[in-house]
Amino acid sequence: MIRAPWRLVPRTLPSPRMRVLAPMMAVALTVIFGCIVFASLGLSPLAAMKVFLIEPISTINGVSELLLKASPMCLIALGLAVGYRANVWNIGGEGQMYVGGIFASGLAIYFHERGGVWLLPAMVVAGAIGGALWASIPAVLKTRCHANEILVSLMLTYVADLLVKYLVYGPWQDPAANNFPLTVAFSDNAQFPMFAAFAGDWLEGTRVNVSLIITLVALPVAWLFMQRTFAGYQLTVAGLAPSAARYAGFSGPAAIWMALLIGGAAAGVAGVMEVAGPLGQLNDRWTPGYGFTAIIVATLGRLHPFGIALASLLMALVYLGGEAVQISLQLPKAISLVFQGLLLMLLLGCDVLVNYRLERRRPAATAAVEIK
Amino acid sequence: MKLFKKLLAVAAVAALSGSLAADAADPVKMAWVYLGPVGDGGWTYAHDLGRKAAEAKMGAKISTTIVENVPESADAERVIRDLATKGNKIIFTTSFGYMDSTLKVAKSFPKVNFYHATGFKDAANVAIYNSRMYEPAYLAGVIAGHVSKKGVLGFVASFPIPEVVRNINAYTMGARSVNPKITTKVVWISSWFDPSKERQAAEALIGQGADVLLQNTDSSAVLQTAQDKGVLAFGWDSDMTQYAPKAHLASCIEVWGPYYTSVAEAAVSGKPMTKAVWGGIKDGMNDLVSVSSLVPPAAAKMAAAKKADIASGKFNVFAGPIKGQDGKDKVPAGKTLTDKEIDGINWYVEGVEGAVPGAK
């Protein structure tokens, strides 16, 4: 039998250093494996990597697209991370995002062509309320009936998707749309203005809009909430040691409610960013998957705002890179999924090192064990 | 020394003419944006066959790029914009949901010509193209009318837009021209390309008694399900014989090659095509092909005769009398629906069960 020269030994305490290092190792290994994938497709790995990771962000427009894509994922992941720290596993960010988009669209359609400057802020608030309401369903069922929030929040995503379809095929359909499933295009004061509109020529043609500011503000706020507030502390304790939290008199149901409402509201606002941003209307094909990708982003970012910001940029880059290799090298777009999959698998693999350490086998010691 | 000078001169001339030749033969860059993978065996595959046909015909005069699996979301705009930025002069966006994205990008690239499949909004540099698939769908109905034993047809439908509604109507009218008692059941899956949903829908229809299936979705899943369950079905968009030879009756196919070639020729000549094209059997843009041995000779003969009548203009699928679901005349005898009416149709003909979702 061939024996590996290393073995895994359990650590007495999880290594905080490895918690930070594991994602970085996973990213590095993904790049190495990616090079092997490209080489096996008959391409120069370095040139292909350049197209995949550098080319998408080599122009101002590319950077704008990266931010446009990363921003909603980052915001949703921040909200989910608050819950995950408390061991409340909200998997339904996608559905909460849809409902946020629906609430905002409702205002935009009702006040079409007659809203004022107040309309957009009102839509953001409505989106947060919508997402939070949708997340409150798993909260009620969890606290009242002990229903598993993973299943409930996931299933509600499909309900929310059907709700969007019902609205755009039915009451909210643009009468001029020939029975096509779209709402009217929102008027200007129901859309986030693009930076390009007031930043001068160098941003000409870019799509990134002022909703980015929401995410930029949410990052430090999330950090303050998690690290510096009593509520954030309660949530963390509830996650790390539920019985300790109970002894301390922290309410379990309150933690669940807070975790789900914050996650829902964040996802709802991300929905507004989409419908009042690059989409500019609600339609039945709006399923960007940001709510699901945000779960990966939160995990990869170690539930820390700084990590989440980096992880969302990375996921957005992997997506744009998939398009770039397709356009420039005519590779199948599935390559993005291969990279996402590799990244996740390698992260799970590297995470083993948080709780275990590698130790070199000593031949003598092994022999002794075998004699016994 | 003399020789050297001569050589230099020859080299200079060669280099000069070489560069001139390269200028003259600079290929026109054309790009295609696809909804599904090229290997879907249906819609996207048919477009890619068309692209390859244009490439084969035009040779070095054009160069082509494809982007597949582009979602009909805010991502589409980035892909289209990216293609325009990278010097593509002709861009085909091959799914309905790219309509608004195409128009947005077209606004900022007035010198690029865009061609959008199956939409209803155009612009100076955005031309619409579509295929009258209701014609082969009618012919498929004629065959279905002959071979259906239970008198119940099934239709796996994507989105309740006029393009799909009129194909359901045509299929049903074709079948009822043979057997007036036939009914059609419809299942909507809210997707163009989703093989697992297409399969589930086909199973549901078969469970409800449908024994001849047609679909307005992009993969071969419905046909394959029919073979697994021992009923009959048609190929759609591409010739799907190979996917399920024991269930395949015939295929309603899209033929994009001639259209893409003519757009390429116009672009190479320096006068890009700007007119909308909505072609059918007569124009060679679609067809009913690979009629299998499962189809009785009488049915095959009748379908062939109808096809000839459609091609010659003698028969129009949407000529009256056409009855609505309530049994009353929707289109009286002697009247024919105009293209505009066909393009906005949101009602079922007699024989289709259920209601068009969201129709007002």
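Here is how names work: the chains are called A, B, and so on, in the same order as the sequence lines, proteins then strands, and each is numbered from 1.
For the pair B:Arg78 and A:Tyr319, the NZ or CZ position fails the cation-pi test of under 6.0 Å to the six-membered ring centre and within 45 degrees of the ring normal.
A:Phe186 CZ: more than 12 foreign heavy atoms inside a 6.0 Å radius. The 12-atom threshold is not exceeded at CE of A:Met155, counting heavy atoms of other residues, nucleotides or ligands nearer than 6.0 Å. For CZ of A:Phe195, the number of neighbouring non-hydrogen atoms (other residues, nucleotides, ligands) closer than 6.0 Å is greater than 12.
With rounding to the nearest 0.5 Å, the separation of CG in B:Leu83 from CD in A:Glu323 is 9.5 Å. With values rounded to the nearest 0.5 angstrom, B:Thr85 atom OG1 is found 6.0 Å from A:Asn61 atom CG. Taking CG of A:Leu279 as the reference point, atom CG of B:Asp100 lies at 10.0 Å (rounded to 0.5 Å). Here the CD atom belonging to A:Gln326 is positioned 11.0 Å from the CG atom belonging to B:Asp82, to the nearest 0.5 angstrom. Atom CD of residue B:Glu72 and atom CG of residue A:Asn283 lie 8.5 Å apart, to the nearest 0.5 angstrom.
Between chain A and the residues B:Asp75, B:Val79, B:Asn69, the largest count of heavy-atom pairs under 4.5 Å involves B:Asp75. With respect to chain A, the highest number of heavy-atom pairs below 4.5 Å among B:Pro162, B:Ser191, B:Ser108, B:Ser101 belongs to B:Pro162.
Looking at A:Leu320, only its side chain comes within 4.5 Å of chain B, counting heavy atoms on both sides. Neither the backbone nor the side chain of A:Thr59 comes within less than 4.5 Å of any heavy atom in chain B. In this structure, no portion of B:Trp32 lies under 4.5 Å from any heavy atom of chain A. Looking at B:Phe159, the atoms closer than 4.5 Å to chain A (heavy atoms on both sides) sit in the backbone and in the side chain alike.
Counting only heavy atoms from C-beta outward, the side chains of B:Ile161 and A:Pro181 approach each other to under 4.5 Å. Under the 4.5 Å side-chain criterion, counting only non-hydrogen atoms from C-beta, B:Lys86 is in contact with A:Ser328. Side-chain contact between A:Lys165 and B:Ser190 is present, with at least one heavy-atom pair separated by less than 4.5 Å.
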